[in-house]
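Here is the naming used below: chain letters follow the sequence lines, and residue numbers restart at 1 for every chain. Predicted, not measured: the structure shown is a model, and the values here were computed from it.
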Amino acid sequence: MNYWLFKSEPSTWSWDDQLKAGKKGTEWNGVRNFQARKNMQKMKKGDKGLFYHSGDERRVMGVVEVIKEAYPDHTAEEGDWQMVDIVAVQGLKNPVNLSEIKEHPLLEDMVLVKQGRLSVSPVTKQEFEVIVELAEG
DNA sequence: GCCAACGTTGGC
DNA sequence: GCCAACGTTGGC
């Protein structure tokens, strides 16, 4: 199983919106970046992800799961863009702030930190587990 | 194929 | 509000 991070501006699509969408999940559409697309194409059903709020909040809000692998993004007016479907799995008791991530020796090398503008990024198993631990511990 | 100009994202 | 980082576009 692989792990990922999905970044969203909460005024556009928030963790709350994701929760309200319920267990049938939602399309992760609108990605218009080749590297992010490549990451989505690697996703398998059952992969886990972190849901991150960018902008004013800058923190990991919850855990999601990939429920549908990459398929064409119907919101794209041109170009070969793709999306996956994800579902909210659990909220984190204590959301993990970007500042905590940057200070943590096991997290400071996360792609999220190294490549700030990438909206869909890979996360290692260890990074995923450390973040859930921080949030629930 | 290179690079300058420009636009966007996201953190501070 | 500003700026750094990054991606895209277009001229040469």
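- With sequence neighbours excluded, no residue forms a side-chain contact (heavy atoms from CB on, under 4.5 Å) with Asp56(A).
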Would you be so kind as to tabulate the donor-acceptor pairs closer than 3.5 Å made by side chains of residues 92-99 of chain A, with sequence neighbours excluded?
| from | atom 1 | to | atom 2 | distance (Å) |
| --- | --- | --- | --- | --- |
| Lys93(A) | NZ | Glu136(A) | O | 3.4 |
| Asn94(A) | ND2 | Ala135(A) | O | 3.2 |
| Asn97(A) | ND2 | Glu100(A) | OE2 | 3.3 |

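- Aromatic ring orientation, Phe128(A) versus Tyr3(A): tilted (interplanar angle from 30° to 60°).
- Under the 4.5 Å side-chain heavy-atom criterion for Ile, Leu, Val, Met, Phe, Trp and Tyr, Met1(A) and Val63(A) are members of the same hydrophobic cluster.
- Axis angle between the ends of the helix from dG1(B)-dC12(C) to dC12(B)-dG1(C), five pairs each and rounded to 10 degrees, works out to 10°.
- Listed by first and then second residue, the ring pair (Phe, Tyr, Trp, His ring centres under 6.0 Å) pairs that reach into residues 61-117 of chain A are Phe34(A)-Trp81(A), sequence neighbours excluded.
- The stretch residues 48-58 of chain A comes close to DNA chain B through Tyr52(A), Ser54(A), Gly55(A), Arg58(A), each having a heavy atom under 4.0 Å from the strand.
- Residues in residues 17-27 of chain A take part in these salt bridge (Lys or Arg N to Asp or Glu O under 4.0 Å) pairs, two or more places apart or across chains: Asp16(A)-Lys20(A).
- With sequence neighbours left out, the side-chain hydrogen bond (donor to acceptor under 3.5 Å, both in side chains) criterion links Gln35(A) to Gln115(A).
- Evaluation of the side-chain contact (heavy atoms from CB on, under 4.5 Å) rule for Glu57(A) yields Pro10(A), His53(A), Arg59(A), Met61(A) as partners, not counting sequence neighbours.
- By the 4.5 Å heavy-atom criterion applied to side chains, Trp15(A) and Val64(A) are counted as neighbours.
- Within residues 77-84 of chain A, no residue approaches DNA chain B, by heavy-atom distance under 4.0 Å.
- For DNA chain C, the contact window with chain A, defined by any atom under 4.0 Å from a protein heavy atom, covers dA5(C) to dT8(C) in 5' to 3' order.
- Under the ring pair (Phe, Tyr, Trp, His ring centres under 6.0 Å) criterion, Tyr52(A) pairs with no residue at all, not counting sequence neighbours.
- For the pair Glu65(A) (side chain) and Val89(A) (backbone), a donor-acceptor distance under 3.5 Å is absent.
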Residues 117-125 of chain A side chain polar contacts: donor-acceptor under 3.5 Å, at least two apart:
| from | atom 1 | to | atom 2 | distance (Å) |
| --- | --- | --- | --- | --- |
| Thr124(A) | OG1 | Glu127(A) | N | 3.0 |
| Thr124(A) | OG1 | Glu127(A) | OE1 | 3.3 |
| Lys125(A) | NZ | Glu129(A) | OE2 | 2.8 |

